[in-house]
A.B. asks: 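Before anything else, here's the structure in question.
Quantities reported herein were computed from a predicted structural model and do not represent experimental measurements. Just so you know, ligand 1 is whichever comes first in the structure, and atom 1 is the first atom listed for that ligand.
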Amino acid sequence: MSDLIPHVIDGEEVESASGARFDTVDPWTRSTYAEVALGGADEADRAVTAARRAFDEGPWPRMGAAERGALIHRLADLIGEHADELARADTRDMGKPITDARTKDVPRTAQNFRFFADHARLSAGDVFPMDTGHHAYSLFQPAGVVAAIAPWNFPLMLESWKVAPALAWGNTVVLKPAEDTPASATILARLALEAGLPPGVLNVVHGYGPDSAGAALTEHRGVDRVTFTGESGTGRIIARAAGANLTPVSLELGGKGANLVFDDAAIDNAIDWSIKAVFTNAGQVCLAGSRLYVQRGVLDEFVSRFVTAAEKLVVGDPTDPATQLGPLASEEHFIKVRGHLEGIPAGARVLTGGPPGDDSWVIRPTVVLDAPLDSRIVREEVFGPVVTVHPFDTEAEAVASANDTSYGLNAMVFTENLSRAHRVSAALNAGTVWVNCFFVRDLRAPFGGVGDSGIGREGGTFSREFFTEPKAVVMQI
Ligand code: NAD
């Protein structure tokens with residue numbers, strides 16, 4: 001990696017016209033490791049113009065899905081060949097353990113590109129037999145220029161959730177990665193060119209959100225779709241910006257996942273997944289099971305074994321392959337999470353972890369028992385390695401507690417009772433319910449949230465709906 005991370009616009013690696021740059025910081029060393037081109041309205045406009053030209057005049061939307069798919073598969077091959085470089089980029093940008101980046105994020109990214117390429121190629125349209133002497137069918141045509149605004153917690157992988165289906169369906173893209181995690185997006189755009197995607201098909205513009213490249217993209221009238229993953233508050237701002245242009249918007253927002261462990265759960269399995277659900281990626285996961293509800297009959301055993309397992313997690317240098325929890329992604333985010341820990345109300349018991357004692361940006365796995373249900377740490381998305389544990393007695397009480405949130409991204413249920421598993425899954429107010437597991441995805445299934453967790457769904461045909469303009473053709477026979 002050079003000491004400048006450039007934009008990639010119309011097939012060229014470029015700086016901003018003004019020469020403006022910002023620093024990118026490695027959260028483990030807490031020092032700047034590179035400068036990044038700082039884009040604004042000018043760069044957003046150049047990138048949208050390039051994407052528009054590639055869409056209106058270039059071959060990309062006019063190729064068949066098979067030809068496009070072959071190029072996207074070639075990109076997936078290159079992602080595999082550059083897996084170490086990509087994994088190191090995300091680890092250095094946000095402190096993700098290198099083993100997670102290398103064995104999960106990068107392979108999943110390549111898999112997303114392959115899946116959406118194949119899905120677009122194999123998708124059928126609809127046929128509507130009419131008894132009036134007419135024949136009606138649907139076409140799914142590319143929407144145009146897609147602005148993709150991404151968060152920092154799974155930089156490359158979450159970018160692929162947007163870029164892969166958008167490209168597979170024939171759109172052109174302007175991607176703005178989060179300001180804390182710029183590196184892997186520039187590498188991705190470089191690899192896309194190497195794979196043979198025409199210039200202008202995948203552009204990357206770096207910068208911040210408000211009054212910067214992010215806002216400029218979401219307000220741009222030349223954009224046909226805005227796809228955003230990030231905080232619920234930012235989602236509201238982006239929805240307003242897109243709404244002003246009547247641009248369809250997809251919002252994947254925050255969460256406050258409930259995890260229900262019933263007396264009849266397979267306890268080893270429940271502990272294993274519950275640990276992963278809240279401490280993976282140092283808890284910087286929208287899907288984190290950060291509210292843990294445990295039925296009283298199993299409470300003491302579960303909590304004591306859960307705390308022991310949390311204390312065994314290897315915390316430290318994210319570049320060490322043994323590390324399971326690195327630092328938080330940035331100083332700003334570290335200060336926010338530390339504030340939550342310092343604000344834990346009296347009466348709650350911190351069973352392990354708590355406010356950090358040194359000056360690193362590491363927060364140890366933290367388990368809090370008996371926090372009042374109306375306290376900030378229970379109600380707000382902490383986005384750190386912090387879980388609150390609450391006892392319950394009845395199934396109805398557990399469901400009511402789980403649903404007592406403005407969010408609705410996901411929930412987990414641990415039970416060996418088949419009827420209860422179905423009943424509770426149906427009653428939970430969430431876009432995804434995992435039963436006896438966590439984070440398992442079928443890329444054809446809908447993914448998204450209700451309430452403050454977002455608008456729209458990703459995955460298979462759900463991504464097709466968003467990234468295409470479905471058209472009805474009606475013919476007289
Ligand atoms: P964020 O909202 O601060 O930033 C996300 C992106 O939006 C960044 O690229 C940022 O530069 C940009 N942005 C900020 N303000 C903007 C504006 N006014 N206009 C345009 N762009 C703007 O979120 P974050 O801190 O990067 O990510 C963490 C959040 O993302 C958490 O709330 C988490 O739950 C959520 N998240 C949700 C999902 C999901 O699938 N639902 C997945 C991952 C993360």
A.B. asks: Take Lys276 and Asp272 through the test salt bridge (charged side-chain N to carboxylate O under 4.0 Å, His left out) and record every step on the way to the result.
C.D. replies: CA-CA 7 Å; Lys276 291 191 176 101; Asp272 189 32; 3.2 Å; yes

A.B. asks: Could you tell me whether ligand 1 has any atom less than 4.0 Å away from a heavy atom of Pro210?
C.D. replies: yes

A.B. asks: Phe439 vs Trp434 aromatic rings, parallel, tilted or perpendicular, using cut-offs 30° and 60°?
C.D. replies: tilted

A.B. asks: Does ligand 1 have an atom that lies less than 4.0 angstrom from a heavy atom of Gly449?
C.D. replies: no

A.B. asks: Just wondering, more than 12 heavy atoms not from Arg444 lying within 6.0 Å of its CZ?
C.D. replies: no

A.B. asks: For atom 7 (O) of ligand 1, what is the nearest protein heavy atom, given as residue, atom name and distance?
C.D. replies: Phe228 CE1, 3.1 Å

A.B. asks: What is the closest protein heavy atom to atom 12 (C) of ligand 1, and at what distance does it sit?
C.D. replies: Ile149 CG2, 3.6 Å

A.B. asks: Please state which option from Ser453, Ser330, Cys286, Ala150 has its nearest heavy atom closest to atom 42 (C) of ligand 1.
C.D. replies: Cys286

A.B. asks: Check Leu217 against ligand 1 and report side chain, backbone, both or neither, counting heavy atoms closer than 4.0 Å.
C.D. replies: neither

A.B. asks: Write out the residue and atom name of the closest protein heavy atom to atom 28 (C) of ligand 1, then the distance separating them to 0.1 Å.
C.D. replies: Phe383 CE2, 3.6 Å

A.B. asks: Within a radius of less than 6.0 Å around CG of Asn269, do more than 12 heavy atoms belonging to other residues, nucleotides or ligands occur?
C.D. replies: yes

A.B. asks: Taking side-chain hydrogen bond (donor to acceptor under 3.5 Å, both in side chains) as the criterion, tell me which of Thr388, Thr405, Asp404 meets it with Arg379.
C.D. replies: Asp404

A.B. asks: Is Pro177 close enough to touch ligand 1? Criterion: a residue heavy atom under 4.0 Å from a ligand atom.
C.D. replies: yes

A.B. asks: Could you tell me whether some N/O pair between Lys176 and ligand 1 is separated by less than 3.5 angstrom?
C.D. replies: yes

A.B. asks: For the residue pair Phe383 and Trp152, is the inter-centroid distance of their aromatic rings smaller than 6.0 Å?
C.D. replies: yes

A.B. asks: Between Phe466 and Arg225, is there a cation-pi geometry (under 6.0 Å to ring centre, at most 45° from the normal)?
C.D. replies: yes

A.B. asks: I want to confirm something. Looking only at heavy atoms, which of Gly209, Ala213, Gly254 is nearest to atom 16 (C) of ligand 1?
C.D. replies: Gly209

A.B. asks: Counting only nitrogen or oxygen atoms and a 3.5 angstrom limit, does Glu231 reach ligand 1?
C.D. replies: yes

A.B. asks: Mind telling me whether His119 and Trp169 have parallel, tilted or perpendicular rings, with 30° and 60° as the class edges?
C.D. replies: perpendicular

A.B. asks: Checking side-chain polar atoms at under 3.5 Å, does Ser406 have a donor or acceptor matched by the opposite partner on Asp452?
C.D. replies: yes

A.B. asks: Give me the residue, atom name and distance of the protein heavy atom closest to atom 41 (N) of ligand 1.
C.D. replies: Leu253 O, 2.7 Å

A.B. asks: For atom 2 (O) of ligand 1, which of Val226, Thr218, Thr234 has the closest heavy atom?
C.D. replies: Thr234

A.B. asks: Ignoring hydrogens, just give me the one of Val285, Leu287, Ile238, Ile237 whose non-hydrogen atom is nearest atom 18 (N) of ligand 1.
C.D. replies: Ile237

A.B. asks: Measure the distance from atom 25 (O) of ligand 1 to every protein heavy atom, then report the residue, atom name and distance (to 0.1 Å) of the closest one.
C.D. replies: Trp152 NE1, 2.9 Å

A.B. asks: Side chain, backbone, both or neither: which part of His333 comes within less than 4.0 Å of ligand 1 when only heavy atoms are counted?
C.D. replies: neither

A.B. asks: Give the single entry among Asn153, Leu251, Leu175, Asn281 that approaches atom 43 (C) of ligand 1 most closely by any heavy atom.
C.D. replies: Asn153

A.B. asks: If I apply the N/O under 3.5 Å rule, does Gly230 come out as touching ligand 1?
C.D. replies: yes

A.B. asks: Identify whether NZ of Lys or CZ of Arg in Lys96 sits under 6.0 Å from the centre of the six-membered ring of Phe154 and within 45° of that ring's axis.
C.D. replies: yes

A.B. asks: Applying a heavy-atom cut-off of 4.0 Å, say which part of Thr229 lies close to ligand 1: side chain, backbone, both or neither.
C.D. replies: both

A.B. asks: For His220 and Thr218, which I'm curious about, is there any donor-acceptor pair between the side chains at under 3.5 Å?
C.D. replies: no

A.B. asks: Given the side-chain rings of His73 and Phe113, with only the six-membered ring counted for Trp, is the space between their centroids under 6.0 Å?
C.D. replies: no

